[in-house]
Participant: 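Next up is a structure, given as structure tokens.
In this chain, numbering begins with 1 at the start of the sequence shown. Remember, predicted model here, so these are calculated numbers, not experimental data. Computation of the quantities below employed the complete heavy-atom set of this structure, encompassing side-chain atoms and omitting hydrogens, waters and symmetry-equivalent molecules.
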Amino acid sequence: QVQLVESGGGSVQAGGSLRLSCAASGYRVCMAWFRQPPGMEREGVAGISTGGGSTTYADSVKGRFTISRDNAKKTVYLQMNSLKPEDTAIYYCAADSRRSYATLKQYTYNYWGQGTQVTVSS
């Protein structure tokens, strides 16, 4: 069983930065961030492999967001820079205990956090 606890959400003006954290209990797992904008479907943002050596990003955030992990602290981070109003969403941390590499496909993830709100104002 893996429990995920997100933190770091909040409100920021366009062009600003936020860092999200996701603390994972249990064993080392492949992890990712997803987001759900208001009135829209949930979408993949970034993923990172079990060891941290491989990452994947949605085209909409490449060059602005960076996913990283500290396995000693069992924590995954999402550094979000140059934020835009369209980044406004509830951000969810997800874990996949069955694979070592990350995807941005929701169905591959079997554990989910509660979500944290990110609001970017223009």
Side-chain angles (χ1 to χ4, degrees):
Q1 188 76 9
V2 177
Q3 292 184 324
L4 305 173
V5 179
E6 302 112 330
S7 61
S11 297
V12 66
Q13 289 193 324
S17 298
L18 282 174
R19 187 176 81 157
L20 305 182
S21 299
C22 176
S25 66
Y27 48 90
R28 199 166 69 174
V29 292
C30 172
M31 298 183 73
W33 288 95
F34 289 79
R35 68 185 181 186
Q36 187 166 19
M40 298 177 67
E41 300 280 322
R42 191 158 58 184
E43 61 185 13
V45 176
I48 189 164
S49 61
T50 303
S54 175
T55 57
T56 185
Y57 295 92
D59 288 343
S60 59
V61 306
K62 280 180 182 176
R64 300 188 299 123
F65 291 11
T66 302
I67 189 170
S68 62
R69 66 189 299 159
D70 182 336
N71 282 337
K73 296 181 179 179
K74 296 184 180 179
T75 301
V76 170
Y77 305 97
L78 185 67
Q79 177 67 42
M80 304 185 293
N81 298 328
S82 302
L83 282 161
K84 305 175 181 180
E86 50 263 43
D87 294 317
T88 294
I90 300 173
Y91 282 71
Y92 297 91
C93 178
D96 180 358
S97 62
R98 299 162 294 192
R99 295 174 178 81
S100 61
Y101 59 91
T103 76
L104 296 182
K105 296 179 173 59
Q106 296 186 55
Y107 65 81
T108 68
Y109 291 87
N110 51 341
Y111 297 100
W112 292 84
Q114 299 275 19
T116 185
Q117 177 71 46
V118 171
T119 302
V120 185
S121 58
S122 57

Participant: Which pair of non-hydrogen atoms, one from Arg35 and one from Ser60, has the smallest distance, and what is that distance?
Facilitator: NH2-OG, 3.5 Å
Participant: Please determine whether residues Val120 and Leu78 belong to a single hydrophobic cluster, defined as Ile, Leu, Val, Met, Phe, Trp and Tyr linked transitively by side-chain heavy-atom distances below 4.5 Å.
Facilitator: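 Yes, one cluster joins them.
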Participant: Is a donor on one side and an acceptor on the other found under 3.5 Å between the side chain of Tyr57 and the backbone of Ile67?
Facilitator: yes
Participant: To the nearest 0.5 Å, what is the distance between CD1 on Ile90 and OG1 on Thr119?
Facilitator: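 Output value for this atom pair is 9.0 Å.
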Participant: Can you run down the salt bridge (Lys or Arg N to Asp or Glu O under 4.0 Å) pairs that involve residues 92-114, sequence neighbours left out, and say none if there aren't any?
Facilitator: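 Passing the test, one end in residues 92-114: Asp96-Arg98, Asp96-Arg99.
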Participant: Excluding sequence neighbours, so at least two apart, what forms ring pair (Phe, Tyr, Trp, His ring centres under 6.0 Å) with Phe34?
Facilitator: Tyr109, Trp112
Participant: Heavy atoms only: give me the nearest Gln114-Glu6 pair and the separation to one decimal.
Facilitator: N-OE1, 3.0 Å
Participant: Please determine whether residues Leu20 and Val12 belong to a single hydrophobic cluster, defined as Ile, Leu, Val, Met, Phe, Trp and Tyr linked transitively by side-chain heavy-atom distances below 4.5 Å.
Facilitator: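 Leu20 clusters together with Val12.
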Participant: State, to 0.1 Å, how close Ser17 and Asn81 come at their nearest heavy-atom pair, and which atoms those are.
Facilitator: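 Answer, listing the atom of Ser17 first, then Asn81: OG-OD1, 2.9 Å.
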Participant: What are the two closest heavy atoms between Pro85 and Ala14, and how far apart are they?
Facilitator: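 Taking Pro85 first and Ala14 second, the nearest heavy atoms are CD-CB, 4.1 Å.
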Participant: Hydrophobic cluster membership, with links at side-chain heavy-atom distances under 4.5 Å among I/L/V/M/F/W/Y: are Tyr111 and Val76 in one?
Facilitator: yes
Participant: Charged N to carboxylate O under 4.0 angstrom, Lys62 versus Asp59?
Facilitator: yes
Participant: To check you understand the geometry: which heavy-atom pair defines the closest contact between Gly47 and Ala102, and what is its length?
Facilitator: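 The pair with the smallest heavy-atom distance is C-CB, 3.5 Å.
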Participant: Rounded to the nearest 0.5 Å, how far does OG1 of Thr66 lie from CZ of Arg19?
Facilitator: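 Answer rounded to 0.5 Å: 11.5 Å.
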Participant: Could you measure the distance from the CD atom of Gln13 to the CG atom of Leu83? Nearest 0.5 Å is fine.
Facilitator: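 One finds 11.5 Å between CD of Gln13 and CG of Leu83.
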Participant: Closest heavy-atom contact between Gly51 and Arg69?
Facilitator: C-CD, 4.4 Å
Participant: Does Ser82 offer a backbone N or O that forms a donor-acceptor pair with the side chain of Arg64 under 3.5 Å?
Facilitator: yes
Participant: Taking the side chain from Thr55 and the backbone from Ile48, do they hold a donor-acceptor pair closer than 3.5 Å?
Facilitator: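 Looks like no, no N/O pair under 3.5 Å.
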